[in-house]
Amino acid sequence: MITLAHMLCLSAILFSIGIYGVLARKSLIAILMSVELMFNAANINLVAFNRFLYPDSLWGQGLVLLVITVAAAEAVVGLALVIAIYRNTKNLNADDLHLLHD
Amino acid sequence: MTLPLGIFYALSALMIGFSLVVVTSRNLFRGAMCLTASMGFVAAFFALLGGDFLAASQLLIYVGGVMVLILFVVMFVQTPDLFRARQTSVRWIPALLLAGGVGALFIRAFCHIESPTELPVLQPTSTALGHLLLGDMAVPFEVISLVLLAALVGALVFGLERES
Amino acid sequence: MIFTFSMISHLFLIPILPFAAAFLIPIFGRWLPQRGAWLSIAAVMASFIIALDLLLRVGDGSLLLPHAVTPVPWFSVGLYEFVWGFQLDGLSLLMGLIVTGVSLLIQIYSLGYMSDAPRLKQYFASLSLFTSGMLLVVFSDNYFQLFIGWELMGLCSYLLIGYDWDREAAGKAAVKAFLTTRIGDLGFYAALLTIFIILGTFNFVQIEERLLDGGLSSWAITLMALLIFGGVVGKSAQFPLHVWLPDAMEGPTPVSALIHSATMVAAGVYLTARSYVLFSGSPMAMHIVSWVGGGTSLMAALFGVATRDIKRMLAFSTISQLGLMLLGLGVSGYSGSVMHMATHAAFKALLFLAAGSVIHAVHTNDIWKMGSLSKQMAVTFTVFLFGALALAAIPPFAGFFSKDKIIENIYLAHQPGLLALAYSVSGLTAFYVFRVIGLVFLGQPKERDRFAHAHESPWVMTIPMIILAFFAVSFGWILSRPSIFETFFSAPLHHAALEAAIPAWVMITANSVAVGGMGLGLFLYTGDLTRVESLARVFHPIHHFLFRQAYLDEAYELFLLRPVRGLAAGLDWFDRQIIDRIFVDGFKTIADELLSRRTPEEATASGERSGRIQNYLMIVTFAALVLLFWNSH
């Protein structure tokens with residue numbers, strides 16, 4: 001019997017894998033992909049809560065649709081930025097992009 | 001171990017496996033393909049949880065859209081030698097610790113959560129979702145379309161090759 | 001132009017139309033004729049027509065004053081509801097007509113005067129915004145809304161004085177005006193709070209009722225009145241907050257005509273008149289009002305005698321006349337002061353516009369460089385003369401009726417000191433304005449070149465002046481007609497009209513003082529100036545003292561501004577050297593050392609700080625982890 005706990009733990013694992021990717025990867029694209037993983041983990045959470053705790057309503061799924069849309073938009077803009085950075089510096093290593101410092 | 005539970009464990013093992021490849025592989029292309037697979041499994045889980053429409057949308061949008069985009073970009077910026085370069089930075093130990101810490105905390109919080117035993121039979125959701133999106137959720141729905149518009153314009157602005 | 005539907009419900013349109021224009025002009029001005037000037041003029045003309053229609057309705061009896069428009073709810077705090085409310089009574093109708101009329105004429109004049117100026121969109125938008133602010137002050141039915149209009153005018157005054165911001169003097173003058181009136185506004189703000197605490201409402205009618213119910217200590221009433229008077233002192237440029245008005249002449253002349261003679265500075269007097277019920281309840285406040293007004297009046301008149309700038313003369317004159325109006329209000333002479341506010345608007349605006357015409361022609365403000373301009377600029381000379389006669393209160397010009405009413409009221413209040421003050425001011429006023437006429441329009445030209453190039457102004461400038469001149473001549477007489485007088489000038493609380501007999505000597509003295517001043521001014525400053533030169537040598541020290549405005553600006557600089565600047569510099573040092581060093585740089589160093597995996601020596605040696613986003617993200621995740629951990633136990 002699949003319980004809520006199973007789904008939530010699964011999404012927690014996925015989420016932490018995503019965090020590791022964001023913090024430890026060098027390439028910008030790899031970081032973006034890890035962020036997508038985190039989005040998906042959150043989505044699984046939402047659908048699970050919807051199914052187990054509020055089975056009569058569909059708000060969780062509706063919200064997931066919106067989150068997918070926003071994530072897609074964010075991926076698009078992020079990738080456009082990646083391309084722009086690549087064009088300018090030919091380098092996508094996150095460690096080499098430190099214009100924020102003093 | 002009932003069949004559904006077994007399937008669940010199998011699917012989740014596969015998904016976690018693919019995700020691990022995403023965050024560790026040197027080859028970005030391989031990572032992207034594994035992410036695609038991972039998304040597919042997420043769609044499977046959606047279906048398992050009664051979100052049939054959602055599973056289809058996930059496949060369409062994420063797999064068919066976002067991942068294709070990422071693959072394009074990967075192929076656009078990668079040179080062959082980069083496929084073999086080390087991809088994980090020196091920070092991997094603190095990152096591992098932090099990620100592990102977050103995961104452990106979440107799991108500890110979640111594993112004793114109460115779950116109802118009697119669940120209603122799964123229904124098709126498309127009609128109901130349609131009513132919801134255009135009814136109670138109409139405002140966020142419209143706002144999201146504006147967000148998409150903004151993202152589109154932004155991406156165009158960044159992506160356009162400047163004639164200079 | 002009488003509309004068949006009821007315009008009274010459109011009372012709120014009067015302030016709103018110029019307000020809308022003020023926002024449309026910057027947006028659409030590029031495509032509008034004359035960069036939006038016509039839109040601005042159209043808006044204020046529409047407001048004027050509405051006000052005129054209201055006047056006609058009052059005249060034929062179809063509209064009774066006072067009239068209140070149903071308020072529109074705005075927001076509520078606790079049990080009190082803030083509303084947008086408008087009211088119409090004699091005072092506000094009169095002021096509304098004057099403000100829209102004068103604003104209209106001045107904007108038309110500006111078409112000519114500012115024709116080659118840059119940034120016209122900003123100019124007309126600011127003028128419109130200002131007009132709407134003043135109209136909001138005039139038609140509001142509660143103090144809170146009035147304050148909004150009040151502050152709006154302060155902003156526009158800043159924008160318009162500093163219109164020529166390329167000139168440093170203009171910028172500084174704008175800041176000075178804004179800050180000085182701000183100090184007064186603090187008093188007004190405190191008044192708002194006090195009124196609300198003591199009386200529980202901002203609405204004028206309700207306040208009047210509660211004051212008449214009685215039971216308030218005289219200290220409370222005095223406090224409220226004096227705090228309001230603080231705002232008045234700032235806005236109407238009375239001592240000690242008068243220093244901004246002479247410098248405000250750096251702004252374009254039409255701006256001076258509108259803001260600093262006819263309307264904004266009169267808002268202070270309007271506020272006092274509007275709060276008349278409050279002030280009458282406190283004899284001490286009335287006393288202070290009359291003496292501050294009277295003292296300022298005399299001081300400014302003396303300064304006006306010594307100045308050499310034609311606009312400054314008019315600025316001092318404005319301060320002086322406002323002081324006179326406040327003096328009148330302080331001795332319970334409501335009707336005289338309000339009437340003088342009206343006539344002053346007409347003739348002072350006229351004088352400013354004529355001065356602008358002169359400046360436009362000879363390209364200088366210095367009266368010692370002008371001369372004999374009556375020959376080159378007949379129209380300007382004539383209208384300026386009419387304005388001067390009105391200012392000097394020579395019968396039958398406008399100023400005569402109103403100023404004499406004030407003098408009558410002072411006499412009836414049995415205040416010999418103030419009466420003597422008023423007489424002196426009258427004499428000085430006539431003297432300094434005709435001194436200027438003598439030097440500028442009569443006698444011999446002081447600089448041949450300027451004189452030769454001077455020519456009359458175009459009709460777009462002269463027609464508004466002529467219209468105003470008509471009012472300078474006749475307004476006093478018009479306003480004295482009993483029916484009109486009744487409508488506009490009946491004091492609140494229906495004070496019994498002071499019908500006591502005024503001995504003839506009061507009026508005779510007033511008139512002779514005025515005529516004498518005029519005569520002396522003309523005698524000394526026309527034609528042969530040797531008499532003046534010999535006098536100048538004798539009076540030089542006094543003259544110099546007055547020319548420097550009694551060194552008040554310098555005193556403020558020394559005792560007020562320098563200490564404040566020193567304090568600001570000290571606090572800045574403390575912030576930069578101590579707080580920034582410890583808290584900002586310190587934490588940054590710690591974070592960088594922990595995460596960039598370099599030894600501290602390496603990091604400082606290379607001078608490099610991590611700007612890497614993943615480092616920052618790690619800190620964020622760590623913090624989130626800590627929070628989660630903490631909360632989950």
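Just so it is clear, the values below take in all heavy atoms, side chains as well, and ignore hydrogens, waters and symmetry mates.
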- Message: Evaluate Glu36(A) against Met67(B) for side-chain contact (heavy atoms from CB on, under 4.5 Å), listing each step before the verdict.
- Response: CA-CA 10 Å; Glu36(A) 293 299 323; Met67(B) 289 320 302; 5.7 Å; no
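To the nearest 0.5 Å, atom OG of residue Ser12(B) and atom NE2 of residue His6(A) are 8.5 Å apart. The CZ atom of Arg51(A) sits 9.0 Å away from atom CG of Leu48(B), with the distance rounded to the nearest 0.5 Å. Here the CG atom belonging to Leu20(B) is positioned 10.0 Å from the OH atom belonging to Tyr20(A), to the nearest 0.5 angstrom. Annotation: the span from Leu8(A) atom CG to Ile113(B) atom CD1 amounts to 5.5 Å, rounded to 0.5 Å.
The part of Phe15(A) that comes within reach of chain B is its side chain, from C-beta onward, which places non-hydrogen atoms under 4.5 angstrom from that chain. Residue Ala150(B): no heavy atom, backbone or side chain, is found under 4.5 Å from chain A. Using a 4.5 Å cut-off between heavy atoms, Leu129(B) touches chain A through backbone and side chain atoms alike. Residue Gln123(B): no heavy atom, backbone or side chain, is found under 4.5 Å from chain A. For a residue to count as touching a neighbouring chain, one of its non-hydrogen atoms must lie under 4.5 Å from one of that chain's; by this rule Leu97(B) does not touch chain A. For a residue to count as touching a neighbouring chain, one of its non-hydrogen atoms must lie under 4.5 Å from one of that chain's; by this rule Ile70(B) touches chain A with backbone and side chain alike. Contacts between Leu35(B) and chain A at a heavy-atom distance below 4.5 Å involve the side chain alone, from C-beta outward. Both the backbone and the side chain of Leu96(B) come within contact range of chain A, with heavy atoms under 4.5 Å apart. In this structure, no portion of Phe72(B) lies under 4.5 Å from any heavy atom of chain A.
Per-residue heavy-atom pair counts under 4.5 Å with chain B were compared for Val77(A), Leu37(A), Leu53(A), and the maximum is reached by Leu37(A). Contact count versus chain B (heavy atoms, under 4.5 Å) is highest, among Asn40(A), Thr69(A), Leu23(A), Ile13(A), for Asn40(A). Most heavy-atom pairs under 4.5 Å with chain B: of the set Val22(A), Leu66(A), Ile31(A), Val76(A), this distinction falls to Leu66(A). Comparing Leu65(A), Leu32(A), Asn50(A), Thr3(A) by heavy-atom pairs within less than 4.5 Å of chain B, the highest count is held by Leu65(A). Ranking Ala72(A), Ala75(A), Gly62(A), Ser57(A) against chain B, the residue ahead of the rest is Gly62(A), based on heavy-atom pairs under 4.5 Å. Ranked by non-hydrogen atom pairs under 4.5 Å with chain B, the options Ile19(A), Leu79(A), Leu14(A), Ile83(A) are led by Leu79(A).
Shown here for Ala95(B) and Ala24(A), the closest heavy-atom pair between the two residues is CB-CB, 3.8 Å. Of all non-hydrogen atoms in Ala71(A) and Tyr62(B), the two that sit nearest each other are CB-OH, 3.1 Å. Looking at every heavy atom in both residues, Ala30(A) comes nearest to Leu28(B) through CB-CD2, 3.9 Å. Nearest heavy-atom pair across Phe110(B) and Ala5(A) is O-CB, 3.7 Å.
At least one side-chain heavy atom of Leu10(A) sits less than 4.5 Å from a side-chain heavy atom of Phe45(B). With contacts defined as side-chain heavy-atom distances shorter than 4.5 Å, the pair Met137(B)/Trp59(A) qualifies. You'll find the side chain of Ile44(A) reaches within 4.5 Å of the side chain of Met15(B), heavy atoms only.
Judged by distance alone, the side chain of Arg25(A) and the main-chain N or O of Val22(B) form a donor-acceptor pair under 3.5 Å.
Under the 3.5 Å distance criterion, with hydrogens and angles disregarded, no donor-acceptor pair is assigned to the side chains of Asn43(A) and Gln58(B).
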